Amino acid sequence: MFFEKSKLYKNKFFNSLLILICLILIFVGKLDLIALRNVSSFLTDFLSPISNLVSKPALELENVIKDVQSATFLRDENIKLKNENRRLKIIETKLANSESELIELKKLLNFKINRSKIIFTGRVLNISGGTFAKTMVVNGGSLDGIKKGQPVISSLGLVGSIITVGPSSSRVLLTIDINSMIPSYLTQSGWPAIVQGENGKLLKLRFLSSEAKPIIGEIIETSGHGGIFPSGINVGKIISMSNGNYYVQPLPNPQKLRFVSILSNLKLEKRKKSIGFAPLQENQNQLNLKGFNKFNN
Amino acid sequence: MEKFNPEFFFNNLIFTLIILLACFLQISLNFLSFFIISQPYVLAIILFLAIRRLNFETSSILIILYGLLYDLITGGLIGIHSLFFLLLKFFTTNLNISNKILKKFGEWFLFSFSYITSLLITKFMFLIVNLKFPDIYAISFNIGTTLLIFPLILFLIDIPKVVFKVFISK
């Protein structure tokens, strides 16, 4: 009897200890240590071919479903496409006029645009969904010139940014991930806002001015603030509003993505490489007197 | 010094292979567009069935390590799946109430109880660490699809047994 009780207590103590270890692991994981990041990128690199192989049946199944769907709705889709084509032709003629005017005005104003160039275009190896993280793996790494923090786009708009880089593969944090925050602006009303992921299907508009009145269907683009994402990339469009919160549908659907492009980030490349994980400021040789140093230089 | 136990080693090796395969299967589900909002936790179902049906007690430390590996592969918050898997094992085997649920209502109810409880506790920890509310629709979609898929996987696993009973035992 006594031994049974002591065994029960031992078991309870052991279980509690294991749960405590898990909790410590979570907090250590949140610190975003370089060693853990390196292990993660190594594992991603090492396991991505296997993961790609295992994903093949799911991909094939998805293709079959798509084929069946398109065959069923072929007639309706044809009518829809004809209408869309007519509408696009009208828009095209209007756009051509506006574009020539815009080019002329930019020349007159000597306006310079910070263009980001595409470093690499690659195949999506896998997308890890689940309810805790939304990331994807791309088949390009440091050997292809990819660096942490670079923006990732598809033909429709912003997909996310690079978070870990291995030699031949890199991980992208999708815009729908809860840790993703994108400085953006509303294209019609012009208000700035932060678009945040929620680990779901939609994005949420945050830090929007109380004066702003977004329009349903309004397109959201990156504002370029913060220097991570270049300005003018499509993020999504506002589709609903509830309890004063506006929800954005991201334009590229991550599940349908097969190829993505990685852009250069001039501002990030200019920054010196930081050592450690903490967001410490770089050492400066001179006193940081805001407003005065500029005049001294 | 303890002697090398080949049976223990072999059992854990099989368990490891099952979980690894389930990890990759879980990742591949993201390509299917009919799971629009979130994907069902096939990995949790397989882990639950492995804990319940394999004829040996699965090691909790191994379960923590698999969780850690899954987090590293998927790029998620380190340790969150370790906690989730450990709680799933704990609620499946270690509680008196689990046995009562199993006897009274069956395996599906036991899975529902352990899955929902462990997922909610893990989500709460996730919320504390991130200080952000996740999308509730995605969580409910995930719970719903997982609970719906469970009997299907159970049926698929039991097919060989049924075939054996019907054709071979005759």
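In what follows, chains are A, B, ... by sequence order, proteins preceding strands, each numbered from 1. As the structure is a prediction and not an experimental result, all values here were calculated from the model.
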Structural part of [X] lying under 4.5 Å from a heavy atom of chain A:
X: B:L25; value: backbone
X: B:L86; value: side chain
X: B:I63; value: neither
X: B:I80; value: both
X: B:F90; value: side chain

A:K30 atom NZ, neighbour heavy-atom count above 12 within 6.0 Å: yes
Do you know which of B:I64, B:L43, B:D71 has the most heavy-atom pairs under 4.5 Å to chain A? B:I64
So, for B:F15 and B:Y66, is the gap between ring centers shorter than 6.0 Å? yes
Would you say the rings of B:F84 and B:Y41 are close, in the sense that their centroids are separated by under 6.0 Å? yes
Side chain, backbone, both or neither: which part of A:L20 has an atom under 4.5 Å from a heavy atom of chain B? neither
Does any heavy atom of chain B fall under 4.5 Å from the side chain of A:L173, the backbone, both, or neither of them? neither
So how far is it from A:S154 OG to A:F259 CZ, rounded to the nearest 0.5 Å? 12.5 Å
Assess, by modelled atom type and distance only, whether the side chains of A:D45 and A:S168 contain a donor and an acceptor separated by less than 3.5 Å. yes
